[in-house]
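To start, the structure under review is shown below, and the notes come after it.
Computed from a predicted model, the values in this text were never measured in an experiment. So that the names make sense, note that chain A is the first sequence line, chain B the second, and so on, each numbered from 1.
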Amino acid sequence: MADTPSVGDAPGAEDDTDLGVLYGTLRGSVVGLRYYTGIVNNNEMVALQREPNNPYDKNAVKVNNVNGDQVGHIKKELAAALAGIMDNKLALVEGVVPYGAKNVFTMPVQMSFWGKEENKEAVLDQLKRHGFKLAPPLKGSECGFGSKWISGKAGPSYRAPFHAPVQLTPEQLISEFDKLFEDLKEDDKTREMEGAEALGTLLLPHQKQALAWMVSRENRNNLPPFWEERGGFYYNTLTNFAEKMRPQDVPGGILADDMGLGKTLTTIALILTNFQDGKPLPVGKITSERFRQESGTNSTSNVGRGLCEDSGKVMGPGASGIKKFDTTPLKTSSCLPKRGKAKKRRHSGSGSSGQPGERPLRQAGTASCVEEDTGFASVLFPSSACLKRQTKRKVTATAENNCSVDVPRATLIVCPLSVLSNWIDQFNQHVHRDFHVNIYVYYGSDRNKDPSVLAEQDVVLTTYSILATDYGIRDGSPLHKVRWLRIVLDEGHTIRNPGAQQTRAALSLEGRRRWVLTGTPIQNSVKDLWSLISFLKLKPFSDQEWWRRTIQRPVVLGAPGGLGRLQCLIRSITLRRTKTSKVKGKPVLELPERKVLIQHVTLTEEERRIYESVKKEGKAAVSRFLSEGTVLAHYADVLGVLLRLRQLCCHPRLCIDTASGLSADNKTPEELRETLVSKMKLVLSSGSDEECAVCLESLTCPVITRCAHVFCKPCIFEVIRGEQPKAKCPLCRNELRAEDLVQCPQEEETDPSDGKKSDQEWTPSSKINALMHALIELQRDDPTAKCLVVSQFTAFLSLIENPLKESGIAFTRLDGSMAQKKRAEAVQCFQSSRAGSPTVMLLSLKAGGVGLNLTAASRVFLMDPAWNPAAEEQCFDRCHRLGQNRGVVITKFIVKDSVEENMLRIQNKKRELAAGAFATTKPSAKEVKQTKINEIKALIDV
DNA sequence: ACCGCCGGGTGCC
DNA sequence: ACCGCCGGGTGCC
């Protein structure tokens, strides 16, 4: 079964083929040049933009150059023809100005019309009504790609090999993509650099390379790709745009190393090492004496301005905004020795304590000249502009150089909630103990929304959801009022959907140095890259039109040089190493061996009896759906059958509720609602790793449609809003109405009740026996060995607690329902090497994110197979990663003659498929459906 | 001349 | 715009 029920045509996920076909071209004229400042070169691309509110002509169409400066208008007769086409989105109309650089009043424009095949007639008709007729595409040049791209004289920054002008086959396209990251031999990517003194951890060679690369990208000022200097002008070879001002390369980029290579550590190194001009962040060096003094007083001149909680004591009022995180492992976990490293600061409000101007420890290293950005805009801090100026004077006065420019100090790190605590842990681990880094965790309902507080931190950590939530607030988001020194998006592919609020929020953050960390640089298509490129503010791609015309379309249409461009672009801004990459001939990571064993489990007669009876019933139902051809309509029911079988393989107790009546449709609204809720719960609890087909992320705030498909609430509302008045389900095209959506009732805490139940009448199962047998043997052979016991069913984990208690095995637990604080505690506890620390962690398969570090474990017991082999792999990697120094043995328990064995077979098939992964075109809806049906058949032995 | 022609004023949408 | 268009001035040869 697929990870997701999604099929091809979800809105917002329309793939690259939706760029359309070329209807034809038309020559027109641009008028009114003398009234506007926008200038164009010969053969320069221009954008056509509707201007419906123009007081003289509601059909008006503006013509803008690549920079967005208006050049003129389309002549009114032509505009009258274009207006309808553009307003109804029947075609994309793109212009190139063949000549006219010197024209004063009017100039010609060559237009290309692109759209869906089915709209072609309408477009031709509309043009005809106004007396226009499209001509075939011009040979060779233009037709929307820019004139020079075949000629190959596009300049030194763009040295794509000349390709024969044929469209690449999908296979060729795939292999071309594989080459995107191949070339790592460039000098600037192999130079190494040591971290600053404040970094307490030695970097591995490949991390030193990454640091050197990142620092050099932040400090130097090369021209961005596809720009060159020509006669005092800077010239863009893709669009033929030129301007006097030197375009800036991103002082940042994409760090796309495989997970486990230390992106987090490298980023921390960057923060500490490169404040400005290659100088380290002026963090206070604290002698232990002074350190003690500071923590003991509330003196206003301390770095923490009396707000530090160095002693680990939970601080007073007004700071509950970060309460959640005050008790992160460092501070509260009793399993932990206290370490004086990164300190989180609390603030009791803006400037209410201490003089904002006083930052004695910082001043030592502050200043020398900087980026041409000017200082704090008082606009940004209307209420404290005055204080800010004071600050500025003071800093200036003590600056080493006579530079009066304020440098933003704070680095903003945005990450998924699941890795937030990992960042904190990593700062704790890697900041040298003699240094003091201020970290503010901007999270929680009463987070401090004073931008000036954020601005004076060294690091502000927040999540994508907070970023997106704040973005919508009335007075504006504090995160968006700060000019950051640096912005880091962790798991940056989170923003691949351009429509998502969090993407828009991320794109509008202010700060020059911009970094994207991701282990999955290109997941599905070229299109997914746009948000990332746009975030990086790489001229001119931040505007989707230029991205589409110069990169996306040429690549997708297999136009000559298209891939070369993409490669050039990606290479110039990305560093990517895989686990198998080599540094100086040695593998980047030398991980200990990893073995996966499959241990078969035989059910007892009683268990088998129950299993077979449930299977018989389920098989009958599924066979009926199959013969009626309604399997997919009953998707949730089928999942339910499979779920029950999988649960029975673990423990009969897991499937007691059931009876999700295989439904008839004549129900009262209330009944319908209940059915939908129970179906949704099935989908969510089935561990089938469902994703929202709109945003392609895992479901946040799930809602179910009347047609029983599950999406994120914000996503589906966006669809409804966008498709008014008649929205359709992105998955099945059934009618979709906001009022029919059913939300998942507040997550009931299922665990406690499970636990209680099990106290009374707990019995083992074959699988539990197999596990315990293995655990006890392991404890006998190697008492210090720690292991992960992993299941998709938290109720199963609860059951397993019983025999663990009985056998006196110390364990801890980590599952998705736990609060951030609890999780962090569990991890710290488990990772501790103290005698008596837990040797077993009960782990739900999907708990935690990629950052979760459980290297204390060298054994993994996977209690039940996952649908998605990648989910299992990710889970294994939590202990088989950097920092693991033992061999890792993984044991998968698989019940003989059961759905689990069938799942293994399907997993293998999926692995084969994933090996040839990079899908340039999504499989058709039909193919997806057939695959699903086949999988269902295979799983249930029909 | 209810025309033609001339030449100045003027000019996007 | 070294155009077109507008509208006022003008009017045999």
For B:dC12, which nucleotide in any strand shown is its Watson-Crick or wobble partner with both distances under 3.5 Å?
none

Whole-angstrom distance between B:dC5 and B:dA1, as gauged at atom P:
16 Å

With a 4.5 Å limit on heavy-atom distance, are the side chains of A:Val71 and A:Ile39 in contact?
no

Heavy atoms, side chains only, cut-off 4.5 Å: are A:Val93 and A:Trp114 in contact?
no

For nucleotides 3-5 of chain C, give me every protein contact, N/O to N/O, under 3.5 Å, one pair per line with atom names.
none

My understanding is that only residues two or more places apart in sequence, or in another chain, count here; which of them pass side chain to side chain donor-acceptor pair (under 3.5 Å) with A:Arg486?
A:Glu218, A:Thr411

Does A:Phe105 have any side chain to side chain contact (heavy atoms under 4.5 Å, CB included) partners at least two apart in sequence or in another chain, and if so, which?
A:Arg34

For a quick check under 3.5 Å, do A:Asn64 and A:Gln49 share a side-chain donor-acceptor pair by atom type?
yes

Using only heavy-atom distances, determine whether the side chains of A:Asn240 and A:Tyr235 contain a donor-acceptor pair under 3.5 Å.
yes

Return each pair, listed once, that meets side chain to side chain donor-acceptor pair (under 3.5 Å) where at least one residue sits in residues 51-61 of chain A; pairs must be two or more places apart or across chains.
A:Glu51-A:Asn54, A:Glu51-A:His73

Anything under 3.5 Å between a protein N or O and an N or O of nucleotides 11-13 of chain B, put it in a table, one pair a line.
from, atom 1, to, atom 2, distance (Å)
B:dC12, OP2, A:Tyr35, OH, 2.4
B:dC12, O2, A:His73, ND1, 2.8
B:dC12, N3, A:Tyr36, OH, 2.9
B:dC13, OP1, A:Lys76, N, 3.1
B:dC13, OP2, A:Lys76, NZ, 3.4
B:dC13, O3', A:Asp57, OD2, 2.5
B:dC13, O2, A:Asn54, ND2, 3.0

Sorted by chain and residue number, the ring pair (Phe, Tyr, Trp, His ring centres under 6.0 Å) partners of A:Phe132 (sequence neighbours excluded) come out as none

